[in-house]
Amino acid sequence: MTEKTQAPDRYDIKAVETRWRERWEAEEPYRADIAQKPKYYCLEQFPYPSGHLHMGHVRVYTLGDVIARYYRLRGYAVLHPMGWDAFGMPAENAAIKSGIPPKVSTLANIDYMKQQMRQMGLSFDWNREVTTCLPDYYRFTQELFLLFFERGLAYQRAGAVNWCPSCETVLANEQVEEGKCWRCDSVVTKRDLTQWYFRITEYADRLLEGLTRIDWPEEIKAQQTHWIGRSEGATVQFDLEDLGDRITVFTTRPDTLFGATYVVLAPEHPLVERLIAGRQEADAVRAFVERERLVSDIERTAETTEKRGIFTGAYALHPLTGARIPVWVANYVLVDYGTGAVMGVPAHDQRDYLYATKYQLPIPVVVKPESGEEPALPYVGSGVLVNSGRFTGMPSEGAKGAIAAELKALGHGDLKVSYRMRDWLISRQRYWGAPIPIVHCSECGPVAVPKDQLPVELPDNVQFTGQGASPLAQAADWVNTTCPRCGKPARRETDTMDTFVDSSWYYLRYASPHNTHEPFSRQEADYWMPVDEYVGGKEHAVLHLLYSRFFTKVLHDAGWLSVDEPFQSLLSQGMVIYGGAKMSKSKGNSLSPETILAEWGADATRLFMLFAAPPEKDFEWSQQGVEGSYRFLQRVYRLVVRPRGTGSDAGALERLNRIQARTIKKVTEDLGERRAFNTAVSALMEYTNALYQEIEAVSPEKQQQLLETLAVLLAPLAPYLAEELWHELGHHESVHASQWPSYDPAWLVEDEVEIALQVNGKVRGRLVIGAEWSEDQIQAQALQHESLAPYLAGHRVKKVVVIPKRLVNVVVAP
RNA sequence: GCCGGGAUGGCGGAAUCGGCAGACGCAGAGGACUUAAAAUCCUCCGAUCCGGAAGGAUUGUGCGGGUUCAAGUCCCGCUCCCGGCACCA
């Protein structure tokens with residue numbers, strides 16, 4: 001009995017999804033075009049093509065897709081593109097193992113992942129796909145490098161850098177987490193190397209200021225603010241006794257200057273060697289410096305590490321008192337923050353206090369609390385200056401400026417702002433990245449490759465050994481070239497760029513993906529930018545998200561762009577959890593999107609991810625949970641296709657009109673403003689339940705209209721089923737090209753409301769009131785209501801609070 | 001230590017501007033349909049107590065205070081959990 005005369009009670013997910021996927025791909029309904037209507041740029045962070053989507057990708061692309069589909073239905077010109085962050089080490093490491101060239105494996109991975117995205121029903125405009133490892137993209141990455149170079153924002157510098165021994169390359173500061181490589185977790189060591197940097201510190205204040213103008217989660221803004229680490233203070237210069245030199249320190253507490261009893265240099269400070277030359281302390285200091293240099297960064301910068309130091313034998317002169325104070329070298333001073341030197345003020349700094357106690361240096365108090373009592377040491381608060389020459393008696397806050405001014409007048413210091421953030425180290429000693437477009441000439445130095453010679457393409461004939469320097473260095477016929485300026489023999493730069501450079505501007509390339517003569521056109525970028533909603537993970541809070549803001553500001557300054565912030569709003573989604581923990585292969589709790597999509601289909605998978613938690617919270621996958629979403633979709637399907645009776649019950653019609661209006665309003669707000677997709681889904685469930693209750697009591701025309709509303713509201717969330725229902729309802733165009741429903745606000749106004757009757761705040765009864773009732777009328781009815789009688793009898797009514805449409809609270813004396 | 005976020009039934013979560021806590025779903029219980037099961041449909045479902053039941057009382061949003069007619073929501077003081085930073089002068 002396979003014969004089916006009635007509508008089936010379930011739909012075949014695979015058949016439905018295949019049918020519409022094929023049609024959508026043929027018709028390309030998601031092409032973004034500049035149009036005479038408001039634009040909406042919805043972007044999700046593009047993936048590294050590892051070979052397979054993971055559940056985190058499924059979540060982030062679902063969230064973005066809902067937003068994109070919603071705004072399309074609202075009539076916006078929507079840009080919703082996708083691409084590939086395709087340079088990076090995994091492909092190169094795979095090449096070392098397997099011999100398959102990175103380009104080959106990467107492009108194959110892209111093909112597979114693209115097919116997975118198509119299966120998920122994601123509404124990307126594939127005509128705008130960008131792939132950062134292809135020359136038609138990275139030639140512009142190189143062009144942007146040259147722009148930075150011309151503007152003095154890209155420069156080479158020698159110095160100690162972070163080196164990941166496992167990745168065989170250097171890392172930027174942002175890419176070292178607790179002393180370990182962000183990618184592979186190896187302990188990072190130091191190397192002295194000449195490397196390329198982007199001068200992001202020049203934009204520190206603008207990066208801070210911009211945060212006040214964008215709609216990002218507090219959490220992410222706080223992380224960036226802290227990373228930038230702006231700190232207002234002063235420099236103070238201490239002349240060295242018997243030497244022509246001076247030591248410059250940075251302090252945030254110039255008010256405590258009179259309490260400085262010693263000066264400390266970082267072990268790596270360039271002055272150390274000059275200070276000790278010829279002194280009896282020299283050998284001991286050198287030995288100390290050598291020892292400290294070997295200590296790893298994690299240990300070196302841990303707060304709990306014991307403070308160790310050594311006296312250099314040299315003395316400095318206090319700039320205001322002229323006192324002789326000893327110069328030390330100590331492990332707790334960092335060479336790359338401030339000036340790499342500090343003044344030791346033991347009474348008013350925790351670290352200096354510990355140090356001075358250990359080495360028996362004097363600890364004079366120069367700030368006392370307002371109350372005048374003796375402070376417990378170290379006293380790091382503000383107060384009034386004591387023992388501070390002519391500044392004695394001054395409040396410490398005011399003394400900061402006064403002392404800095406005095407120093408400036410004497411030529412011994414000035415006000416100064418320091419930042420924690422360092423310049424961005426972008427060189428990588430790896431093959432699979434965009435080559436830095438520079439030629440090194442022995443006559444002219446580093447010379448920019450002229451624009452018309454871009455791209456500097458990666459050579460194919462290289463060996464991947466994973467050893468030593470960039471594999472590019474071994475490609476002799478590639479490395480050896482001529483100087484673009486003088487024509488003499490020269491060598492190409494063999495380092496490639498950090499892949500974060502590629503991803504710092506991809507959102508602009510989407511505006512002009514086929515432009516062959518510039519990275520993007522200003523006219524197109526100005527139409528689409530800024531990104532209205534950017535969806536991605538929190539792990540990029542100070543990496544990609546900071547770098548992209550920096551790029552946008554530089555391009556704005558160069559006149560290439562009108563905006564100076566790339567991402568107006570940021571939706572930062574939580575992790576996908578399974579079995580109580582973040583998924584990982586090592587924990588054996590990973591879920592494969594392939595299996596899940598095959599079992600439940602894209603719609604149920606999407607719907608469950610949206611329903612089970614708000615976007616920014618972690619989301620736990622559960623088998624029973626996705627079953628619930630699957631059941632709901634089947635229930636909706638049955639509601640639409642099953643044979644239904646009809647009727648003309650005026651009460652039912654009114655109730656259905658009301659819930660229809662309420663649902664449209666709720667789903668509109670939840671998708672559009674609140675991004676509360678979980679409550680949007682629950683509203684649709686309630687609507688569906690209500691339709692089940694009494695849709696048969698109204699006319700066929702009203703039924704059609706109620707169900708059409710359901711299909712359109714469901715379209716952003718479950719695009720395949722919505723399309724199927726839309727066609728079941730007799731339409732021939734796509735539901736995704738239809739219009740978001742509107743509602744008559746009159747239906748939101750209830751003409752009868754049940755309110756709570758409280759006595760002393762406790763609910764004791766209920767009362768149905770008419771919308772037109774006055775407060776007096778409500779109060780009168782409430783007071784005579786029989787349910788309150790036992791509670792009012794024998795008590796004096798002190799007060800009656802009437803909240804229209806909510807409750808009446810009668811306050812009685814005990 | 002500092003910064004940010006959080007804590008609500010057995011579970012995920014809702015309560016958007018101080019106004020009836022627990023929407024919606026999951027799990028569970030009962031019932032209908034079925035030869036049976038699945039599926040589906042209907043009902044119940046914070047805790048404690050009273051009651052045969054209908055119903056009622058008390059209590060309840062991490063803890064302790066406070067403001068208010070009214071607090072999950074506001075204020076003060078804590079506890080614990082998650083995330084970030086961590087000798088940054």
Phosphate contact ([N] OP1 or OP2) by [X] side-chain N/O below 4.0 Å:
X       : N      : result
N809(A) : U68(B) : no
R764(A) : G56(B) : no
N678(A) : A14(B) : yes
R631(A) : C41(B) : no
Q693(A) : C42(B) : yes

Legend entry - Pair partner, G83(B) [Watson-Crick or wobble, under 3.5 Å]: C3(B)
Legend entry - G6(B) to C75(B) separation - P atoms, rounded to the nearest Å: 13 Å
Inset, instruction - Please say whether more than 12 non-hydrogen atoms of neighbouring residues, nucleotides or ligands are located less than 6.0 Å from NZ in K798(A). - result: no
Inset, instruction - Using a cut-off of 6.0 Å, state whether more than 12 heavy atoms not belonging to K190(A) lie near its atom NZ. - result: yes
Inset, instruction - Measure up the Y379(A) and H348(A) rings against each other and bin them: parallel (under 30°), tilted (30 to 60°), perpendicular (over 60°). - result: perpendicular
Inset, instruction - For Y11(A) and L633(A), work out which heavy atoms get closest and say how close. - result: OH-CB, 4.0 Å
Legend entry - Residue whose closest nucleotide on RNA chain B lies nearer the 5' end, G340(A) versus Y692(A): Y692(A)
Inset, instruction - Would you kindly compare A222(A) and Q758(A) by the position of their nearest RNA chain B nucleotide and give the one closer to the 5′ end? - result: A222(A)
Inset, instruction - Please work out whether G22(B) sits syn or anti, treating a glycosidic angle within 90° of 0 as syn. - result: anti
